[in-house]
**Q** 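My questions will all concern the structure given below.
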Amino acid sequence: SPASWKVEASTRSLGAIDAVGAREGGEQILFRYALGGAMSESPFVAAVMPAGEALSSYDRLTFTARASRPMRASIQLRIPAEGDRGETRWQSSVFLDSEPRELVVPFELMTPSGTTASLRPALAEVDAVLFVVDTVNTTVGTNGQIWIDRVRYAR
């Protein structure tokens with residue numbers, strides 16, 4: 001549910017999540033972002049969805065999305081820090097534009113983001129799915145909107 005989503009952002013970046021009506025009825029997520037700060041601060045804004053226990057029973061994430069301008073976003077799976085181990089992430093990039101499109105992100109094709117203990121995420125340990133806007137694909141000073149709908153796990 002949209003109420004369980006939250007925003008994570010670097011110090012001088014901003015984000016907001018709202019539940020808005022979907023074209024086909026029901027609700028979708030409206031994720032608004034503004035990427036700010038210096039490159040040395042690694043600016044980012046993320047819409048964060050709790051992964052839930054069901055994730056490990058599936059092999060892909062599917063969702064419909066569109067954006068206020070053509071862009072790339074990073075879809076990430078995160079395993080939280082534990083003991084001496086920092087948090088670890090795996091990611092895949094998706095293209096968004098003004099037309100809603102159904103996207104499929106197979107977990108086996110996600111690549112490590114930074115240092116990870118394995119090439120593939122241990123799905124049972126993943127605590128969050130993140131929809132990330134950062135300086136890998138977006139210029140500092142950019143703001144926009146992403147609409148995210150029908151997020152589900154599939155096989």
Side-chain angles (χ1 to χ4, degrees), residues 2 4-24 27-52 55 58-80 86-116 118-123 125-155:
S4 64
W5 289 55
K6 64 180 182 172
V7 170
E8 294 179 9
S10 56
T11 307
R12 295 196 286 163
S13 296
L14 298 170
I17 294 173
D18 296 297
V20 298
R23 291 177 180 174
E24 303 82 27
E27 286 185 331
Q28 65 182 332
I29 298 288
L30 170 58
F31 171 42
R32 294 176 287 141
Y33 65 89
L35 203 56
M39 288 297 287
S40 61
E41 298 170 326
S42 301
F44 76 94
V45 185
V48 183
M49 177 187 96
L55 173 71
Y58 297 93
D59 68 2
R60 68 197 65 204
L61 175 73
T62 69
F63 60 97
T64 301
R66 67 184 176 95
S68 53
R69 64 171 51 118
M71 66 178 295
R72 293 196 82 78
S74 174
I75 309 306
Q76 300 181 6
L77 299 180
R78 177 176 65 198
I79 294 177
E87 73 173 34
T88 51
R89 297 181 188 214
W90 289 260
Q91 67 91 33
S92 184
S93 174
V94 296
F95 176 76
L96 306 172
D97 63 17
S98 61
E99 288 301 311
R101 67 183 76 223
E102 184 163 344
L103 297 157
V104 177
V105 179
F107 300 142
E108 70 179 3
L109 297 182
M110 296 181 94
T111 58
S113 178
T115 303
T116 60
S118 64
L119 287 177
R120 301 285 168 252
L123 296 177
E125 296 177 38
V126 171
D127 75 333
V129 177
L130 298 86
F131 295 75
V132 180
V133 178
D134 61 19
T135 56
V136 171
N137 297 302
T138 305
T139 306
V140 171
T142 301
N143 63 66
Q145 300 174 323
I146 300 173
W147 291 263
I148 306 166
D149 197 11
R150 296 196 296 270
V151 179
R152 59 194 178 278
Y153 302 131
R155 198 167 252 308

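Start at 1 with the first residue, then count along the sequence. Keep in mind it's a predicted model, so treat the numbers as computed, not measured.
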**Q** To the nearest 0.5 Å, how far apart are CG in Leu61 and CZ in Arg152?
**A** 9.5 Å
**Q** Which heavy-atom pair separates Ala46 from Val132 by the least distance, and what is that distance?
**A** CB-CG2, 3.9 Å
**Q** Between Arg69 and Asn143 (side chain of the first, backbone of the second, donor and acceptor by atom type, cut-off under 3.5 Å), is there such a pair?
**A** yes
**Q** Just wondering, do Arg32 and Leu30 contact through their side chains at under 4.5 Å, heavy atoms?
**A** yes
**Q** Indicate the atoms forming the closest heavy-atom contact of Ser10 with Gly36, along with that distance.
**A** OG-O, 4.3 Å
**Q** Is any side-chain heavy atom of Phe44 closer than 4.5 Å to a side-chain heavy atom of Thr135?
**A** no
**Q** Just jot down the side chain to side chain donor-acceptor pair (under 3.5 Å) partners of Ser74, sequence neighbours excluded, or say none.
**A** Gln76, Gln91
**Q** Quick one: list whatever passes salt bridge (Lys or Arg N to Asp or Glu O under 4.0 Å) with Arg155, sequence neighbours left out.
**A** none
**Q** Looking at Tyr33 and Thr142, would you say the former's side chain and the latter's main chain have a donor-acceptor pair under 3.5 Å?
**A** no
**Q** Taking the side chain as C-beta and beyond, is there a heavy-atom pair between Pro70 and Phe95 under 4.5 Å?
**A** yes
**Q** So, using salt bridge (Lys or Arg N to Asp or Glu O under 4.0 Å) as the criterion, who are the partners of Glu108 when residues are at least two apart?
**A** none
**Q** Write down the atom of Pro50, the atom of Ser4, and the distance for their closest heavy-atom approach.
**A** CD-O, 3.4 Å
**Q** Is Thr139 close to Leu35 at the side-chain level, that is, under 4.5 Å between some pair of heavy atoms?
**A** no
**Q** Does some side-chain heavy atom of Tyr58 sit less than 4.5 Å from a side-chain heavy atom of Leu123?
**A** no
**Q** Looking at side-chain heavy atoms only, is the closest gap between Val133 and Met71 below 4.5 Å?
**A** yes
**Q** Considering residues at least two apart in sequence or located in another chain, which fulfil the side-chain contact (heavy atoms from CB on, under 4.5 Å) criterion with Ser92?
**A** Val105, Met110
**Q** How would you list, by chain and number, every residue that makes a side chain to side chain donor-acceptor pair (under 3.5 Å) with Glu99, sequence neighbours excluded?
**A** none
**Q** Give the minimum heavy-atom separation between Val104 and Pro106, together with the two atoms involved.
**A** O-CD, 3.5 Å
**Q** Does anything in residues 131-148 pair up under salt bridge (Lys or Arg N to Asp or Glu O under 4.0 Å), and if so which pairs, sequence neighbours excluded?
**A** none
**Q** If I take atom CZ from residue Arg150 and atom OG1 from residue Thr62, how far apart are they, to the nearest 0.5 angstrom?
**A** 9.0 Å
**Q** Got a sec, which residues hit salt bridge (Lys or Arg N to Asp or Glu O under 4.0 Å) with Asp59, two or more places apart in sequence or on another chain?
**A** none
**Q** List in chain and number order the residues that pass side chain to side chain donor-acceptor pair (under 3.5 Å) with Gln145, two or more places apart in sequence or in another chain; answer none if no residue qualifies.
**A** none
**Q** Please list, chain by chain and in numerical order, all residues satisfying salt bridge (Lys or Arg N to Asp or Glu O under 4.0 Å) with Arg101, sequence neighbours excluded.
**A** Asp97
**Q** Out of the candidates Val126, Thr88, Leu130, only one should pair with Leu77 under the side chain to side chain contact (heavy atoms under 4.5 Å, CB included) rule; please name it.
**A** Val126
**Q** Taking side-chain hydrogen bond (donor to acceptor under 3.5 Å, both in side chains) as the cut-off, I'd like each qualifying pair that reaches into residues 35-50, sequence neighbours left out, listed once.
**A** Arg12-Glu41
**Q** Taking all heavy atoms of Ile148 and all of Gln28, pick out the closest pair and write down the distance.
**A** O-CB, 3.4 Å
**Q** Who are the side-chain contact (heavy atoms from CB on, under 4.5 Å) partners of Pro112, not counting sequence neighbours?
**A** Trp90, Thr116, Leu119
**Q** Report yes if some heavy atom in the side chain of Leu96 is under 4.5 Å from a heavy atom in the side chain of Leu103; otherwise report no.
**A** yes
**Q** Tell me every residue that passes ring pair (Phe, Tyr, Trp, His ring centres under 6.0 Å) with Phe63, counting only those two or more places apart in sequence or in another chain.
**A** Phe131
**Q** For residues Val48 and Arg78, report the shortest heavy-atom separation together with the two atoms involved.
**A** CG1-NH2, 4.0 Å
